[in-house]
Number of protein chains: 2
Amino acid sequence: MGSDTRARLLEAAAQLFREQGYAATGLKQITAEAGAPWGSLYHFFPGGKEQLGVETVGHSGARYQRLFDLVYERAEVGADEAVRDMFRLSAEALETSGWADGCPIATVALEAASTSEPLRHACADVFAGWRAATARRFASEGIEPAEDLAVYVFAAFEGALILSRTGHDAGPLRVTADIVARTIRDRRPRSETASGV
Amino acid sequence: MGSDTRARLLEAAAQLFREQGYAATGLKQITAEAGAPWGSLYHFFPGGKEQLGVETVGHSGARYQRLFDLVYERAEVGADEAVRDMFRLSAEALETSGWADGCPIATVALEAASTSEPLRHACADVFAGWRAATARRFASEGIEPAEDLAVYVFAAFEGALILSRTGHDAGPLRVTADIVARTIRDRRPRSETASGV
DNA sequence: GTCTATAAATGGATAGAC
DNA sequence: GTCTATCCATTTATAGAC
């Protein structure tokens, strides 16, 4: 094949953008981390840093979405429990990484919101995909309005991640998960409000 | 007096950090925006960019908190309505600024989370202050657990701001405000659940 | 004490050797 | 087609003129 270098560049960029942000990460640092020669970056990404940013956001977004899908596809638990799992998994990843691995998109999204339309758009697409996956899970259980509740869950999730990461304290993720999960549980259709099993 | 320049530097930095982030904003750009000579920056902030960042976060945080206080002190409405006002005011500011004026802290908080302890700590302090102000309002109405609910409200608020700003769409702030406000309303003590007036 | 001019380093991007 | 060496702009920080 040969395009292994390209994959390593994307992976290195994803990790650095997640940890330090887009502007603070130099292209030299990315090639060094990926063990790739400097020139290979402009070979694989002729559009420079912005193209690399856009592709990295898509890459990170797709990878993170697989985690959501994994959680959501556990049919044996209710959507409220799936949401709680999502919060718990993220809290664990955040804490075991020394409060480094937060949302792989949020930092770039905020940095790019008013400075790069292509990058902002890439982030918006990722968020839309995550939201849609969540809404599908809700709709499949008759939890309505599924789209609005998915937006709400993601807002709470993203915000709690910021608070927990900034404070070096998993508390916000835990507390928010409890309240959000209860909100979702209360929206389940009547016929399933029994105790389960 | 004489320290008018210092205030203008803080103000310019606050605006630029909010819009572009910390790493993407150059010190030269800040002095230019403030109409201050280049050297004055290191005169007033001998600690360089990091000191300016820390003080700017405190400055922005205090200013934003006054907005919260204003909303929360409207005793004639319930806490759920106060929360809704907070979301609505932010949505208006965001939209009328062309999706530029989001949270003045969040971008810097994420950028600094793993790169600057002084800056991260400054952001954490601001978030703690906002949360405490919200918790006081809840506690004054007997809405409990006030601290946990305040964390939840702020998580949802910060996340909705990200989603709305990234998507150029006030929808997430509106939708999230509705659900969060209802959650708070449902926590009001029994004696006040009547219709009001 | 206030600011101009400069320094040392790093940023993203490119030209051209192999 | 793949990468090394170089370029110029811009960054933060400082030294010293007024």
Side-chain angles (χ1 to χ4, degrees), chain A residues 1-57 59 107-108 110-112 114-120 122, chain B residues 1-57 107-108 111-112 114-120 122:
Chain A
M1 301 293 288
S3 219
D4 186 31
T5 306
R6 195 189 147 94
R8 284 210 315 280
L9 284 170
L10 274 177
E11 198 58 41
Q15 182 154 348
L16 288 167
F17 289 165
R18 183 185 203 176
E19 212 171 300
Q20 312 178 334
Y22 177 80
T25 301
L27 297 182
K28 299 230 169 100
Q29 189 181 8
I30 293 173
T31 55
E33 186 75 20
W38 164 241
S40 66
L41 200 147
Y42 277 89
H43 173 80
F44 291 115
F45 304 94
K49 192 178 189 181
E50 195 168 54
Q51 184 193 348
L52 175 63
V54 168
E55 293 202 33
T56 298
V57 164
H59 178 76
T107 313
V108 179
L110 285 177
E111 289 183 274
S114 304
T115 57
S116 163
E117 277 297 295
L119 209 43
R120 177 187 73 79
Chain B
M1 306 285 294
S3 221
D4 185 30
T5 305
R6 195 188 147 93
R8 283 209 316 280
L9 284 171
L10 274 177
E11 197 59 40
Q15 181 154 349
L16 289 167
F17 288 165
R18 183 185 202 177
E19 212 170 302
Q20 312 179 334
Y22 176 80
T25 301
L27 297 182
K28 294 235 169 93
Q29 190 182 6
I30 294 173
T31 55
E33 188 74 20
W38 163 242
S40 66
L41 201 148
Y42 278 88
H43 173 77
F44 290 116
F45 304 94
K49 194 179 189 180
E50 195 168 55
Q51 184 192 349
L52 175 64
V54 167
E55 292 202 34
T56 298
V57 164
T107 313
V108 179
E111 289 184 275
S114 305
T115 58
S116 162
E117 276 297 294
L119 209 44
R120 177 187 72 80

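Everything numeric here is computed off the predicted structure, so don't read it as measured data. All chains are named by letter (A, B, ...) in the order of the sequence lines, taking the proteins before the strands, and each is independently numbered beginning at 1.
The CG atom of B:L9 sits 10.0 Å away from the CG atom of B:D4 when rounded to the nearest 0.5 Å.
Here A:E19 pairs with nothing under the salt bridge (Lys or Arg N to Asp or Glu O under 4.0 Å) rule; sequence neighbours left out. Residues passing the side-chain hydrogen bond (donor to acceptor under 3.5 Å, both in side chains) test with A:S114, sequence neighbours excluded: B:R165. Among residues two or more places apart in sequence or in another chain, the salt bridge (Lys or Arg N to Asp or Glu O under 4.0 Å) test is passed with B:E117 by B:R120. Listed by chain and number, the residues in a side-chain hydrogen bond (donor to acceptor under 3.5 Å, both in side chains) with A:E55 are A:R6, A:Q51 (sequence neighbours excluded).
Of the candidates D:dA13, C:dG1, D:dG1, the closest approach to any side-chain atom of B:H43 belongs to C:dG1.
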Might you list the N or O atoms of the protein lying below 3.5 Å from N or O atoms in nucleotides 8-10 of chain D, with each pair's distance?
none

Check nucleotides 14-18 of chain D for protein N or O atoms closer than 3.5 Å to its own N or O atoms and list the pairs.
| from | atom 1 | to | atom 2 | distance (Å) |
| --- | --- | --- | --- | --- |
| D:dT14 | O4 | B:W38 | NE1 | 3.3 |

Quick one: side chains of residues 22-30 of chain B, donor-acceptor pairs under 3.5 Å with protein atoms, not counting sequence neighbours, listed by atom name and distance.
| from | atom 1 | to | atom 2 | distance (Å) |
| --- | --- | --- | --- | --- |
| B:Y22 | OH | B:K49 | O | 3.4 |
| B:Y22 | OH | B:E50 | N | 3.4 |
| B:T25 | OG1 | B:Q20 | OE1 | 3.1 |
| B:T25 | OG1 | B:G21 | O | 2.7 |

Table please: side-chain donor-acceptor pairs of residues 37-45 of chain A below 3.5 Å, with sequence neighbours left out.
| from | atom 1 | to | atom 2 | distance (Å) |
| --- | --- | --- | --- | --- |
| A:S40 | OG | A:P37 | O | 2.6 |

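A heavy atom lying under 4.0 Å from DNA chain D marks none of the residues of residues 19-27 of chain A.
Atoms CG (A:L9) and P (D:dC3) sit 10 Å apart, rounded to a whole Å. Rounded to whole Å, the distance from CG on B:L52 to P on D:dA13 is 11 Å.
Five base pairs at each end of the helix from C:dG1-D:dC18 to C:dC18-D:dG1 define two local axes, and these are offset by 10° (rounded to 10°).
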